[in-house]
Asker: 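Got a structure here, written out as structure tokens. Questions coming.
The figures that follow rest on heavy atoms only: side chains count, while hydrogens, waters and symmetry mates do not. Below, read A as the first sequence line, B as the second, and so on, with proteins coming before strands; counting in each chain starts at 1.
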Number of protein chains: 2
Amino acid sequence: MTVTKLKKRRPKSELGPPTNGNRTRIRARNEDKILDAALEVFADYGFKGATIDQIAARAGMSKPNLLYYFRRKRDLYVAVLERTLDMWLEPLSAIRADGDPAEEIRAYINRKLEFSKVRPTASRMFANEIIQGAPLLKTILHGGLRNIVDEKAAVIRGWAKAGKIADIDPYHLIFVIWAVTQHYADFASQVEAVVGGRLSDRKFFRETETAIDHILLRGILPTERI
Amino acid sequence: MTVTKLKKRRPKSELGPPTNGNRTRIRARNEDKILDAALEVFADYGFKGATIDQIAARAGMSKPNLLYYFRRKRDLYVAVLERTLDMWLEPLSAIRADGDPAEEIRAYINRKLEFSKVRPTASRMFANEIIQGAPLLKTILHGGLRNIVDEKAAVIRGWAKAGKIADIDPYHLIFVIWAVTQHYADFASQVEAVVGGRLSDRKFFRETETAIDHILLRGILPTERI
DNA sequence: ATATATCCTGACCAATTGGTCAGGATCAAG
DNA sequence: CTTGATCCTGACCAATTGGTCAGGATATAT
């Protein structure tokens, strides 16, 4: 009833990109290519610095075609952030309360460093966003991230209370681990300028891992000195 | 000879901002205000994200007036970077080879954390630049920074050889200290989202300093365990 | 007081860029 | 093969923004 409904074809302006239910093969493939390209470009230039043209070119398509899948630049940006957030959090989630404390922490450090090696752009994209005050991530930070950090901090606090690790504030412990491991992805250009090494070099990766494990787990001072 | 030189007044287009020799009082004051404003805005939005209008407004002047002092956005950006570089490097420079190693390193860590407290925007501005590959800082990184790091790394290596500190690669030691201390400035929004603390709070600053000193100097594992 | 250098402004321009749109090409189902 | 949905494109638009410029206001030295 009401208005005419003769034309089943929905008007162009209305549908645009979004589809009815399930995604087409073409759509799935193209969205993937776009998200990959967008991650690179956003990580390199930040939200404002990146242009849709750049991303589209990298994804091998025209700008209007990209806009067909993601109507707004911001939509694309958010999609990329969400897509990488799980990977970013996974190493922390994997900490087990019933494992050996020292080993769990060492494994966590190494997982984070591994992430910096294999997904440096994802790390840099988050870094860009957070440094600028996380205008879009803010809700996520207060929501999911905060909860999982609280949970794992409680676990670590338990270990400290039990004397399994030193009596350190668990939140700062987590921050320190984030800071150190992410540094090698986010500030890679600086690291490379100073020592000429990249995590993708097996040798440099091992050196880095060794040094970080040593400093964080055993500290800078010599054993005898304590 | 050659062309007429009757008009002593140099053409507007030629002089524009630059002055002959010494800076005027007005000029000095305005350049200062501009650089202060620019630091804030560049730190918050990055090079491309910042607009000259924004910076001019924050400095309390019109855009053409700002352009009168800094003809190009890039000139201004570089000027800000150079202005803060010394402060950024100073804590490292202050390390003395003839001091007590443990105390020197602890003091260095604390100086860097202090810097993150009092000049978080300077820290964030560098972070933005370096994350994006340091297109403009690159030469500086390879030049001055690299040299001073090499110098201090040699000092630290000497301490390690003498058994005054643990046998750790000095470059990674420096990177770890940078990473941790700068994290609290660069990723302040994340830190605040998770634990609700800022370095500007005296209490939180002390907690942070304690935790960092403990982790870096004595390590995460309990003493008995070593 | 006056002249000259410095400082400041409104108006303006051109390049970039996010986003739109009408219509054509292609695909998939019947 | 037909038909409707999906996919893609060239042309275009409007807002933003870095930068220019002619000329007026102000300071400063003599």
Side-chain angles (χ1 to χ4, degrees), chain A residues 5-34 37-38 41-42 45-80, chain B residues 5-34 37-38 41-42 45-80:
Chain A
K5 217 177 170 182
L6 296 179
K7 303 187 69 149
K8 280 176 120 183
R9 194 171 191 166
R10 46 179 179 159
K12 279 281 179 73
S13 51
E14 178 200 310
L15 52 78
T19 179
N20 49 0
N22 45 359
R23 297 140 68 97
T24 318
R25 290 226 301 290
I26 294 179
R27 184 177 198 88
R29 218 189 79 237
N30 281 345
E31 283 184 352
D32 253 30
K33 287 203 299 184
I34 293 170
V41 178
F42 280 134
Y45 301 99
F47 176 73
K48 289 257 330 195
T51 71
I52 297 182
D53 267 313
Q54 252 180 117
I55 298 170
R58 193 166 205 135
M61 67 183 68
S62 68
K63 177 169 70 168
N65 197 10
L66 186 154
L67 265 331
Y68 170 73
Y69 291 104
F70 296 90
R71 297 177 85 141
R72 310 270 153 192
K73 189 186 187 185
R74 171 148 311 203
D75 295 347
L76 176 55
Y77 188 73
V78 172
V80 176
Chain B
K5 216 178 172 181
L6 295 179
K7 301 187 74 148
K8 282 176 120 182
R9 193 169 194 169
R10 48 178 178 157
K12 279 279 178 75
S13 52
E14 177 200 312
L15 51 78
T19 179
N20 49 359
N22 46 356
R23 295 139 69 95
T24 318
R25 291 224 301 292
I26 293 179
R27 182 176 200 89
R29 219 190 79 239
N30 281 344
E31 284 184 351
D32 253 29
K33 288 204 296 182
I34 293 170
V41 178
F42 281 135
Y45 302 100
F47 177 73
K48 288 257 333 195
T51 71
I52 298 181
D53 268 311
Q54 253 180 115
I55 298 170
R58 191 166 206 136
M61 68 184 66
S62 67
K63 177 168 72 168
N65 197 10
L66 184 154
L67 266 328
Y68 170 74
Y69 291 104
F70 297 90
R71 296 178 83 142
R72 311 269 154 194
K73 188 186 187 185
R74 170 149 310 203
D75 295 347
L76 176 55
Y77 187 75
V78 171
V80 176

Asker: Of the options D:dT17, D:dC7, C:dT17, whose atoms approach the side-chain atoms of A:Lys48 most closely?
Answerer: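 For the A:Lys48 side chain, the nearest candidate turns out to be D:dT17.
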Asker: How long is the line joining CD of B:Gln54 and C1' of D:dG19, in whole Å?
Answerer: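 Atom-to-atom, B:Gln54 to D:dG19, this comes out as 17 Å.
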Asker: 5'-most contact on DNA chain D: A:Ala28 or B:Phe47, nearest heavy atom basis?
Answerer: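 Taking each residue's closest nucleotide, the earlier one in sequence belongs to A:Ala28.
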Asker: What is the distance from CZ of A:Arg74 to P of C:dT17, rounded to the nearest Å?
Answerer: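 Value for this atom pair: 18 Å.
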Asker: Looking at the side chain of B:Ile26, which of C:dT20, C:dC7, D:dG18 is the nearest nucleotide?
Answerer: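 Nearest to the side chain of B:Ile26 among the choices is C:dC7.
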Asker: Sequence neighbours excluded, which residues qualify as side chain to side chain contact (heavy atoms under 4.5 Å, CB included) partners of A:Arg29?
Answerer: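 With sequence neighbours excluded, A:Arg29 shows a side chain to side chain contact (heavy atoms under 4.5 Å, CB included) to A:Lys33, given in chain and number order.
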Asker: Between A:Thr24 (side chain) and A:Arg27 (backbone), is there a donor-acceptor pair under 3.5 Å?
Answerer: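 Checking the backbone N and O of A:Arg27 against the side chain of A:Thr24, no donor-acceptor pair under 3.5 Å is found.
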Asker: Between D:dA15 atom C1' and A:Arg72 atom CZ, what is the distance in whole Å?
Answerer: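 Atom CZ in A:Arg72 sits about 14 Å away from atom C1' in D:dA15.
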Asker: I need the OH-P distance between A:Tyr45 and C:dT16, as an integer number of Å.
Answerer: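 Checked: the OH to P distance equals 15 Å.
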Asker: Between A:Tyr68 (OH) and D:dG10 (P), how many Å, whole number?
Answerer: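 So the OH-P distance, A:Tyr68 to D:dG10, works out to 17 Å.
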Asker: Looking at A:Asn30, does any N or O in its side chain come under 4.0 Å of the phosphate oxygens OP1/OP2 on D:dC8?
Answerer: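 Affirmative; the distance criterion is met.
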Asker: Say whether, by atom type as modelled, one donor and one acceptor occur between the side chain of A:Lys73 and the main chain of A:Ala50 under 3.5 angstrom.
Answerer: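 Checked: pair present.
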Asker: Given C:dC7, is OP1 or OP2 found less than 4.0 Å from the side-chain N or O atoms of B:Arg27?
Answerer: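 Yes.
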Asker: For DNA chain D, what residues of residues 55-66 of chain B have any heavy atom nearer than 4.0 Å?
Answerer: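 Heavy-atom contacts with DNA chain D come from B:Lys63, B:Pro64.
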Asker: On the six-membered ring of B:Tyr77, is B:Arg72 placed so that its NZ or CZ lies under 6.0 angstrom from the centre and within 45° of the ring axis?
Answerer: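 Negative - B:Arg72 is either too far from the ring of B:Tyr77 or too far off its axis.
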Asker: Output the rounded distance in Å from CG (A:Leu67) to P (C:dT20).
Answerer: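 Going from CG in A:Leu67 over to P in C:dT20 covers 7 Å.
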Asker: For A:Met61 and A:Asn65, which heavy atoms make the closest approach, and how far apart are they?
Answerer: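 The pair with the smallest heavy-atom distance is CB-ND2, 3.8 Å.
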Asker: Taking for each residue the nucleotide of DNA chain D with the nearest heavy atom, is it B:Lys73 or B:Arg25 whose nucleotide lies nearer the 5' end?
Answerer: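 Result of the comparison: B:Lys73.
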Asker: Any side-chain N or O of A:Tyr69 under 4.0 Å from OP1/OP2 of D:dC8?
Answerer: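 The answer is yes; a side-chain N or O of A:Tyr69 sits under 4.0 Å from OP1 or OP2.
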Asker: Is atom OH of A:Tyr45 surrounded by more than 12 heavy atoms (other residues, nucleotides or ligands) closer than 6.0 Å?
Answerer: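 No, because the 6.0 Å sphere around OH of A:Tyr45 holds 12 heavy atoms or fewer from other groups.
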Asker: Just one of B:Asn30, B:Asp53, B:Leu76 clears the side chain to side chain contact (heavy atoms under 4.5 Å, CB included) bar with B:Leu66, so which one?
Answerer: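 Single side chain to side chain contact (heavy atoms under 4.5 Å, CB included) partner of B:Leu66 among B:Asn30, B:Asp53, B:Leu76: B:Leu76.
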Asker: Kindly point out which of C:dT17, D:dT6, D:dT17 is positioned nearest to the side chain of A:Thr24?
Answerer: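 The listed nucleotide nearest to A:Thr24's side chain is D:dT6.
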Asker: Could you give the CG-to-P distance, from B:Asp32 to C:dC7, as a whole number of Å?
Answerer: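 So the CG-P distance, B:Asp32 to C:dC7, works out to 14 Å.
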Asker: Roughly how many Å is it from CG in B:Asp53 to C1' in D:dG19, rounded to a whole number?
Answerer: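 One finds 11 Å between C1' of D:dG19 and CG of B:Asp53, rounded.
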